[in-house]
A.B. asks: 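What follows is a structure written as structure tokens; I'll ask about it next.
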There are 2 protein chains.
Amino acid sequence: MKPLYHPAVEDVTVEGILYALSNPVRVQILKEIMRSNSPKSCSDFLSLPDRVIPKSTLSQHFKILREAGLIRSERKGVSMRNTPRCQELRPRFGRLIGEILAAYAEEYSAVAGADSPES
Amino acid sequence: MKPLYHPAVEDVTVEGILYALSNPVRVQILKEIMRSNSPKSCSDFLSLPDRVIPKSTLSQHFKILREAGLIRSERKGVSMRNTPRCQELRPRFGRLIGEILAAYAEEYSAVAGADSPES
DNA sequence: ATCGATAGTTCATAAAAGCGGGACTAGCGA
DNA sequence: TCGCTAGTCCCGCTTTTATGAACTATCGAT
């Protein structure tokens, strides 16, 4: 089976990160993967708080996050284990990713419980 | 003549900013506009350090930066005066924009004098 | 005023990217 | 082996992007 491509940290680009995170669905996915203590599978996101996403579209979103260097995906049995790579990227990009996610959190806070049910 | 659209600060979105800055040409434009003490016209960028950009393409890039809220464009006689809006955005987005530009600066530093003829 | 030059926008078209349904592949458990 | 589940791939459709060409607006000179 075709191996999944993961760029080396030094091949990750700012451009790629910004592009990947310029889509709110991908941001929700990344945030959830980061928040969760255990790896998330793709199908955990078939329905987000606000919408349903077709499998093929979701697969594409994961590919973009993966190839931007933001997540690592490992096949595990029938499904996939997705984990964040933010830790790895920090030495190279510093606060960049954190600032982006924080900015989204701000923006969404008044809109919907997009990802903070905080109940 | 059609007036130029500039979003109010509260209508600026993280998504729009990230998207606008996920293109290296637009990043170079913004950085130069920020560095310069006087407003820059669009045609100042017809040829960047590394490539030549058609007028129509450039016009589109400016529109995207403008509508993302990153720059302000005022018609001044025959040309345009473009100035950054980062100052205005800081209360809302904090370090976001600065971090993005800093990350690009890092990345480019080994590649080319992308935008620092600083002569 | 009119002409000509310059700065940008708009239009048309072709290339590329995105979305999503459906078929396909891989691993797991009867 | 069959059936189920998780993802990927392929294809058609729509949207976006890039760019040359035509158009609009303003300035300066005559």
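Every chain is numbered from 1 and lettered A, B, ... according to where its sequence line falls, protein lines coming before strand lines.
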A.B. asks: Would you kindly give the CD1-to-P distance between B/I53 and D/dG20, to the nearest whole Å?
C.D. replies: 11 Å
A.B. asks: Under a single-linkage definition using a 4.5 Å side-chain heavy-atom cutoff for Ile, Leu, Val, Met, Phe, Trp and Tyr, are A/M34 and A/M80 assigned to the same hydrophobic cluster?
C.D. replies: no
A.B. asks: In terms of the nearest nucleotide of DNA chain C, which residue is placed more toward the 5' end: B/M80 or A/R26?
C.D. replies: B/M80
A.B. asks: Taking CZ from B/F62 and P from C/dG8, how many angstroms apart are they, rounded to a whole number?
C.D. replies: 8 Å
A.B. asks: Check every strand shown and say whether A/S43 touches a base, only sugar-phosphate, or nothing at a heavy-atom separation below 4.0 Å.
C.D. replies: sugar-phosphate
A.B. asks: Using whole Å, what does the distance between atom P of nucleotide C/dG20 and atom CG of A/N23 come to?
C.D. replies: 11 Å
A.B. asks: Do you know the tightest heavy-atom contact between B/I29 and B/F62?
C.D. replies: CG2-CZ, 3.7 Å
A.B. asks: Take atom CG of A/L58 and atom C1' of D/dT5, then tell me their distance rounded to the nearest Å.
C.D. replies: 15 Å
A.B. asks: Would you tell me if any nitrogen or oxygen in the side chain of A/T57 comes within less than 4.0 Å of OP1 or OP2 on C/dG20?
C.D. replies: yes
A.B. asks: Quickly work out the B/L46 CG to C/dG8 P distance and round it to whole Å.
C.D. replies: 8 Å
A.B. asks: Under the criterion side-chain hydrogen bond (donor to acceptor under 3.5 Å, both in side chains), which of B/S36, B/S73, B/S41 is the partner of B/N82?
C.D. replies: B/S73
A.B. asks: I want to check one thing: is the phosphate of C/dT9, taken as OP1 and OP2, less than 4.0 Å away from some side-chain N or O of B/S59?
C.D. replies: yes
A.B. asks: Starting at atom CD of A/Q60, determine the distance to atom P of D/dC10, rounded to an integer number of angstrom.
C.D. replies: 13 Å
A.B. asks: Measuring from B/L4:CG to B/R66:CZ, what's the distance to the nearest 0.5 Å?
C.D. replies: 4.5 Å
A.B. asks: Quick one: which of D/dT8, C/dT9, C/dC19 gets closest to the side chain of B/L4?
C.D. replies: C/dT9
A.B. asks: Mind checking the NZ-CD1 spacing from A/K63 to A/I71? Nearest 0.5 Å is all I need.
C.D. replies: 12.5 Å
A.B. asks: Could you state the CZ-C1' distance from B/R75 to C/dT6, rounded to the nearest angstrom?
C.D. replies: 15 Å
A.B. asks: Within the pair B/S56 and D/dG20, is there a side-chain N or O less than 4.0 Å away from OP1 or OP2?
C.D. replies: no
A.B. asks: Within the structure shown, what part of the strands sits under 4.0 Å from B/S79 by heavy-atom distance: base, sugar-phosphate, or nothing?
C.D. replies: sugar-phosphate
A.B. asks: Whole angstrom is fine here: how far is it from OH in A/Y5 over to P in D/dC9?
C.D. replies: 16 Å
A.B. asks: Counting heavy atoms from C-beta on, name the nucleotide in C/dT9, C/dA26, D/dG20 closest to the side chain of B/P54.
C.D. replies: D/dG20
